[in-house]
Amino acid sequence: RDETARDEAAARRRWAELVALVEEDQRAYYELDAPKVSDAEYDARLRELEALEAAHPALVTPESPTQRVGGRAAAGFATVEHLEPMLSLDNVFSVDELRAWDARVARDLGVGGGDVGYLSEVKIDGLAIALLYEKGRLVRAATRGDGRTGEDVTQNALRIAEIPHRLEGDDLPDVVEVRGEVFIPVSAFERLNELQARLRERAVADARERAGARSAASRSFDEERARVAALRRFPPFANPRNAAAGGLRQLLDKKDGLDLEAGVARIEALRLYVHGVGALQWTEGEHAELERQSDVYTLFGRWGLPVSPHNRVVEGIDGVLEMIDHFGEHRHDIEHELDGIVVKVDALADQRRLGSTSRAPRWAIAYKYPPEEVTTRLVAIQVGV
Ligand code: NAD
């Protein structure tokens, strides 16, 4: 019995350690847009936590990161309550795990293997946004936050070219909460980093000029210090996801001069693909019959919302596996970064039957590709970049 008690105590200690690490990672990633560890390291920590909780169910609390949506609204933003919770996605990391998930879905729906209709989508590496339209007019845009409460980013969303201020058409609902991913395309990301470099040069030049104006002998100008300050002010962005998150979540009206120029460029680089629907209410008249999530996308497209061209409707998991293979090979051939494939049960009635946990829907799963960034970063470190 002593041994069991010791095991339990060790598990509890490791659990507390992992929770603290994951919470610290989440704060850096979601609130500060400055991750401290790679996504693969973060995913590994979360997986270890899940395994530990599976082995020691007494450790699970509602506050555990395995039970809730990561992220919190950052200071400085007004907060908004989502009409319906914005959840995360469960992950699988191998084809076997994906097949096991598919078998569970088929069993829970009481259909044969191979018979579930799926919507297979590219997992866009950006950040989630909820757009609330009332009678076709955009009234609010919010980040996911902790899933219930997000940050109000309406002012910034209104500046994103692809987010319509008004939906088109005559079959518009009274209320619709459109969900999607805001991202920066790879090509725009490269241009943004070039702009950051130019802004650093201009900030140094400004500082030199100011120093020159202060003393006739501009020898007093500390070039090195000005360069460090410029690097801190206009740092190169680590990846499109963080640049997008910081771009959407910035307080533009508090900026001026070069900072405003950088901020506006970052917002103008943002794009959107819609990938879900929250609240949807029609009170009167005829409206479109929606049986499948793919029907919702067709309607979104008609209303003028951008739908990803990479989505596929497939019968059974084999079609999804083809897409996984395809994008495994052509990961860098599309306009944005992707870290996986999202699989969704297409029929809305089946989605409702399967329901959700506190963290994620049971009718969707994200297949994650093996990480590439670890090796890239190691190489970068080795060659001293
Ligand atoms: P997630 O990114 O794994 O999945 C949920 C999100 O996927 C949704 O909220 C949505 O925004 C997005 N998404 C993209 N394309 C989609 C599509 N076609 N359909 C539906 N949703 C789509 O989950 P998460 O909880 O947001 O965060 C976990 C991710 O963030 C992981 O990739 C993790 O590695 C990373 N993360 C990293 C750190 C770190 O420190 N490096 C910390 C926290 C989270």
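Values reported hereafter were calculated over all heavy atoms of this structure, with side chains retained and with hydrogens, waters and symmetry mates removed. Keep in mind that what you see is a predicted model, and the values were worked out from it rather than measured. As the structure lists them, so they are numbered: ligands from 1, and atoms in each ligand from 1.
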Decide yes or no for E177 and L131: does some side-chain heavy atom of the first lie under 4.5 Å from some side-chain heavy atom of the second? no

Does NZ or CZ of R191 fall inside the cone over F189's six-membered ring, less than 6.0 Å from its centre and within 45° of the axis? no

Salt bridge (charged side-chain N to carboxylate O under 4.0 Å, His left out) with E97: which of K368, R104, R47? R47

Below 4.5 Å, heavy atoms only, C-beta onward: do P65 and V19 meet side chain to side chain? yes

Check side chain to side chain contact (heavy atoms under 4.5 Å, CB included) between K255 and all other residues, then give those that pass, not counting sequence neighbours. Q250, L252, D259, L260

Anything with a heavy atom under 4.0 Å from ligand 1 counts, so go ahead and list those protein residues by chain and number. D25, Y29, Y30, P35, V37, S38, D39, Y42, D43, L87, S88, L89, N91, E121, V122, K123, I124, A128, R144, E181, H275, D339, V342, K344, K368

Ignoring hydrogens and geometry beyond distance, is a side-chain donor-acceptor pair present between Q293 and H275 at under 3.5 Å? no

